[in-house]
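In this chain, residues are counted from 1 in sequence order. Because the structure is predicted, anything quoted here is derived from the model rather than measured.
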Amino acid sequence: QVQLAESGGGLVQAGGSLRLSCAASGRTVNNYAMGWFRQAPGKEREFVAALSWSGGSRRYTDSAKGRFTISRDNARNTVYLQMNNLKPEDTAVYYCGADPWGLGSAQDHEYDYWGQGTPVTVSS
């Protein structure tokens, strides 16, 4: 079993930055692709970014390109999402997931494990 714990969310003004962390425990996730999704109030969960198990392949939703960066530290069993130039529409609960297929899917049903989420609020 894999347990995931997100942290780093909070309240930030538009244009500001946050760095989200997702720490894995229970077993290593070095062979998993890792992804970040978010869910805004009243909306469905949506894909934000994903990173393959090797770190060689990244994908982002269009709204995140150029502003967000996903990375991983396999020694720490941790994945990060650096978010810059935040906008009010980025307000959501952010979740990380572990994808055993290793490629970093944009489809949440491909992910076997999820954290509890960390809230991000961007004020205008």
Side-chain angles (χ1 to χ4, degrees):
Q1 280 282 20
V2 174
Q3 291 81 44
L4 302 175
E6 303 93 336
S7 61
L11 173 63
V12 64
Q13 288 187 333
S17 299
L18 285 173
R19 187 195 196 203
L20 306 184
S21 299
C22 172
S25 61
R27 60 183 294 181
T28 180
V29 292
N30 291 353
N31 293 329
Y32 288 73
M34 299 298 292
W36 286 95
F37 290 72
R38 66 187 180 189
Q39 187 167 19
K43 296 187 177 182
E44 294 187 353
R45 186 163 57 186
E46 64 173 1
F47 170 75
V48 177
L51 182 62
S52 64
W53 72 272
S54 67
S57 176
R58 290 175 171 82
R59 66 173 72 187
Y60 298 94
T61 191
D62 286 346
S63 64
K65 289 178 183 176
R67 300 189 299 128
F68 294 4
T69 302
I70 187 171
S71 62
R72 67 192 301 161
D73 184 340
N74 285 343
R76 289 187 166 86
N77 226 18
T78 300
V79 177
Y80 305 96
L81 185 68
Q82 177 68 43
M83 306 189 295
N84 298 327
N85 190 21
L86 283 160
K87 303 176 181 180
E89 51 264 43
D90 294 317
T91 295
V93 177
Y94 284 70
Y95 300 89
C96 70
D99 166 12
W101 299 103
L103 299 180
S105 173
Q107 305 298 319
D108 60 2
H109 63 81
E110 299 281 356
Y111 291 75
D112 281 359
Y113 302 103
W114 293 94
Q116 293 299 307
T118 185
V120 171
T121 302
V122 184
S123 63
S124 57

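- Counted within 6.0 Å of CZ on R58, heavy atoms from surrounding residues, nucleotides or ligands total more than 12; the atom is thus considered enclosed.
- Here the straight-line distance linking atom SG of C22 with atom CZ of R72 works out to 10.0 Å at 0.5 Å rounding.
- Between C96 and V79 there is no side-chain heavy-atom pair separated by less than 4.5 Å.
- In this structure, Y60 and I70 have side chains that are in contact, with non-hydrogen atoms separated by less than 4.5 Å.
- A continuous path of ILVMFWY side-chain contacts below 4.5 Å connects Y95 to F47, so both sit in one hydrophobic cluster.
- V93 and L4 sit in two unconnected hydrophobic clusters of ILVMFWY residues. Membership requires side-chain heavy atoms under 4.5 Å apart, directly or through other members.
- The heavy-atom pair separating A98 from Y32 by the smallest distance is CB-CD2, 3.8 Å.
- Interatomic distance, N30 CG to S54 OG, rounded to the nearest 0.5 Å: 11.5 Å.
- Q1 CD to S25 OG: the interatomic distance, rounded to the nearest 0.5 Å, is 10.5 Å.
- Summarising the geometry of G102 relative to A33, their closest heavy-atom pair is C-CB, 3.4 Å, with the distance given to 0.1 Å.
- Heavy atoms only, all atoms of each residue included: L86 and L18 are closest at CD1-N, 3.8 Å.
- Smallest separation of non-hydrogen atoms from Q3 and G26: OE1-CA, 3.6 Å.
- The OG1 atom of T91 sits 8.5 Å away from atom CG of L11, with the distance rounded to the nearest 0.5 Å.
- Nearest heavy-atom pair, D99 versus S105, reported as atom, atom and distance to 0.1 Å: OD2-N, 3.2 Å.
- No chain of hydrophobic side-chain contacts below 4.5 Å, direct or via other Ile, Leu, Val, Met, Phe, Trp or Tyr residues, connects L81 to Y111.
- Put simply, V2 and L51 are part of the same group of oily side chains (I, L, V, M, F, W, Y) that touch within less than 4.5 Å, one to the next.
- Residues L20 and M34 share a hydrophobic cluster, clusters being chains of Ile/Leu/Val/Met/Phe/Trp/Tyr side chains in contact below 4.5 Å.
- Under the 4.5 Å side-chain criterion, counting only non-hydrogen atoms from C-beta, E6 is not in contact with Y94.
- Around atom CD of Q116, no more than 12 heavy atoms belonging to other residues, nucleotides or ligands sit under 6.0 Å away.
- Annotation: F68 is not in aromatic contact with W36 [ring centroid separation under 6.0 Å not met].
- Considering only heavy atoms from C-beta on, V48 stays 4.5 Å or farther from M83 through its side chain.
- How far CG of N85 is from OG of S17: 8.0 Å, rounded to the nearest 0.5 Å.
- Residues S63 and E89 are not in side-chain contact: their nearest non-hydrogen atoms beyond the backbone lie 4.5 Å or more apart.
- We find that D90 and K87 are not joined by a salt bridge, their nearest charged nitrogen and carboxylate oxygen being 4.0 Å or further apart.
- We find the CZ-CZ distance between R45 and R38 to be 13.5 Å, quoted to the nearest 0.5 Å.
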Exercise. Begin from the C-alpha positions of W53 and V29 and carry the test side-chain contact (heavy atoms from CB on, under 4.5 Å) through to its verdict.
Key: CA-CA 8 Å; W53 72 272; V29 292; over 6 Å; no

